[in-house]
Amino acid sequence: MFAVTATRIDAEDPLAGLGLGEHPDPSPPDGWEVVTVRAASLNYHDVWTLQGVGISADRLPIILGCDAAGVDATGREVVVHAVVGDPTAAGGDETLDPARSLLSERYDGTFAQRVTVPRRNLLPKPGVLSFEEAACLPTAYLTAYRMLFDRSGAQPGSTILVQGAGGGVATALIILGRVGGYRVWATSRSETKRERALELGADQVFPPGARLPERVDAVMETVGQATWAHSLRALRPGGRIVVCGATSGAAPPAELNRVYFLQLSVVGSTMGSRDQLGRLLTFCEQAGVRPRIDRTLPLTQAADGFAAMIAGNLFGKVVFTA
Ligand SMILES: NC(=O)c1ccc[n+]([C@@H]2O[C@H](COP(=O)([O-])OP(=O)(O)OC[C@H]3O[C@@H](n4cnc5c(N)ncnc54)[C@H](OP(=O)(O)O)[C@@H]3O)[C@@H](O)[C@H]2O)c1
């Protein structure tokens, strides 16, 4: 089958390790199922993998990709949950299982014509979502859902700030946050992306580091070092930063004086549980939420999608069709 793989690690030039070509078909162990992939979506995680973050060279070659929607062996249309873990190991939440992994970390991922996953990782795809839309949900939208509705402590009517509006997670935060009843403010380096964020439902937009009209209840961080100081300054006393990523660097000054004096909380968030993905699918169906897709490419042209993500030229998700 055709697949997109990480063949070697190169921290400086991630595209150098991208492999496109034939790969052996998966053979599912007991309790796992083969899914024929109809659409898969790109995440920054796939770039990190090519750079050697979260994976070691002895796992290579490995098929990239966390997210997919497709058809199972019985012909059922499914969405693939990307977290492979044991919920019983961690109080019902597989994201807290110390042995959990995401597809493409230990087991082959979704950028292929077929992928094999544990049976519990398959959820029915709502008919109102296309395969391309459904393939955006398991990582970026699930992460945004958990950040907004589980980890943030915000309530409908709260004001939240989304840093780096153009990203896959960031556009999901704007769309879901708006529909969830938050007042959503967003920053972006690009004026065009700021305008698009308004179209998506942001209430106000700002250049990075701008002084805000008032302090916010919670900040959603995916950018990291480049925006961290602003995130700390944007919060009201007692406010909370929810952080799921650090694209621009992971070690900004902690500014502990500000954290304790203003009684701020810094909360980590990663992916979401299978139950949360199920609720996200229902939320999309009931509220008419549709993921923002920047571009759709055939899997054979995956390198173009990776290049656009590395260049930061995206507004929303890159989807590959198999
Ligand atoms: N923990 C989890 O479960 C989880 C899940 C998904 C993603 N993540 C992480 O979250 C991050 C975003 O992922 P993604 O897939 O949404 O990536 P993405 O689509 O490439 O988005 C990255 C966004 O970050 C902003 N950005 C990048 N570099 C910046 C810089 N130097 N200064 C200011 N802004 C910058 C950009 O926003 P503007 O161009 O609009 O300024 C860009 O649109 C990644 O680090 C990823 O690993 C974590």
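These numbers come from the heavy atoms of this one structure, side chains and all, not from hydrogens, waters or symmetry mates. Remember, it's 1-based here, ligands and their atoms both numbered in the order they're listed.
Residue contacts with ligand 1 for Leu314 are absent, since no atom lies close enough (heavy atoms, distance under 4.0 Å). Proximity of Ala226 to ligand 1, defined as any heavy-atom pair under 4.0 Å, is confined to the side chain (atoms from C-beta onward). The residue Ala140 has no part lying near ligand 1, judged by heavy-atom distances below 4.0 Å. For Thr247, heavy-atom contacts with ligand 1 shorter than 4.0 Å involve the backbone as well as the side chain. Contacts with ligand 1 closer than 4.0 Å are made by no heavy atom of Pro208, backbone or side chain. Using a 4.0 Å cut-off between heavy atoms, Val169 contacts ligand 1 through both its backbone and its side chain.
On a distance-only criterion, Asn43 and ligand 1 share no N/O pair closer than 3.5 Å. On a distance-only criterion, Gly245 and ligand 1 share no N/O pair closer than 3.5 Å. For ligand 1, the polar-atom distance check against Lys193 finds a nitrogen or oxygen pair separated by under 3.5 Å. An N or O contact shorter than 3.5 Å is missing between Thr139 and ligand 1 by distance. At under 3.5 Å, a nitrogen or oxygen of Gly167, whether backbone or side chain, sits near a nitrogen or oxygen of ligand 1. Checked by distance only, ligand 1 and Ala170 stay at 3.5 Å or farther apart across all their nitrogen or oxygen atoms. Considering backbone and side-chain N/O atoms, Cys244 comes within less than 3.5 Å of an N/O atom of ligand 1. Considering both main-chain and side-chain atoms, Tyr44 comes within under 3.5 Å of ligand 1 through a nitrogen or oxygen pair.
Less than 4.0 angstrom separates some heavy atom of Ser248 from each of these atoms of ligand 1: 30 (C), 31 (N). Interface of Met271 with ligand 1, defined as ligand atoms under 4.0 Å from a residue heavy atom, comprises 2 (C), 3 (O).
Ion pairing of Asp150 with Arg279 is absent here, as no side-chain N (NZ or NE/NH1/NH2) approaches a carboxylate O to less than 4.0 Å. Contact check on Asp217 versus Arg240 returns no salt bridge, with no Lys/Arg side-chain nitrogen under 4.0 Å from an Asp/Glu carboxylate oxygen.
Of the protein's non-hydrogen atoms, Arg189 NH2, 3.6 Å is the one closest to atom 26 (N) of ligand 1. Annotation: atom 5 (C) of ligand 1 to nearest protein heavy atom, Thr143 OG1, 3.2 Å.
Ile160 and Leu235 fall into different hydrophobic clusters, defined by Ile, Leu, Val, Met, Phe, Trp and Tyr side-chain heavy atoms under 4.5 Å apart, directly or through other members.
When Arg100, Arg146, Arg274 are each tested for a salt bridge (charged side-chain N to carboxylate O under 4.0 Å, His left out) with Asp93, only one passes: Arg146.
Looking only at atom types and distance, the side chain of Asp58 has a donor-acceptor partner in the side chain of Ser56 under 3.5 Å away.
Counting only residues at least two apart or in different chains, salt bridge (charged side-chain N to carboxylate O under 4.0 Å, His left out) contacts with residues 76-88 comprise Asp72-Arg76, Glu77-Lys125.
Between Val319 and Cys136, the closest side-chain pair of non-hydrogen atoms falls below 4.5 Å. Counting only heavy atoms from C-beta outward, the side chains of Leu64 and Leu50 approach each other to under 4.5 Å. The closest side-chain heavy-atom distance from Val223 to His230 is not below 4.5 Å.
For the ligand labelled ligand 1, residue Gly249 lies outside the 4.0 Å heavy-atom shell.
In this structure, Arg194 CZ and Thr192 OG1 are separated by 8.5 Å, a value rounded to the nearest 0.5 Å.
Aromatic ring orientation, Phe306 versus Phe111: perpendicular (interplanar angle above 60°, classes split at 30° and 60°).
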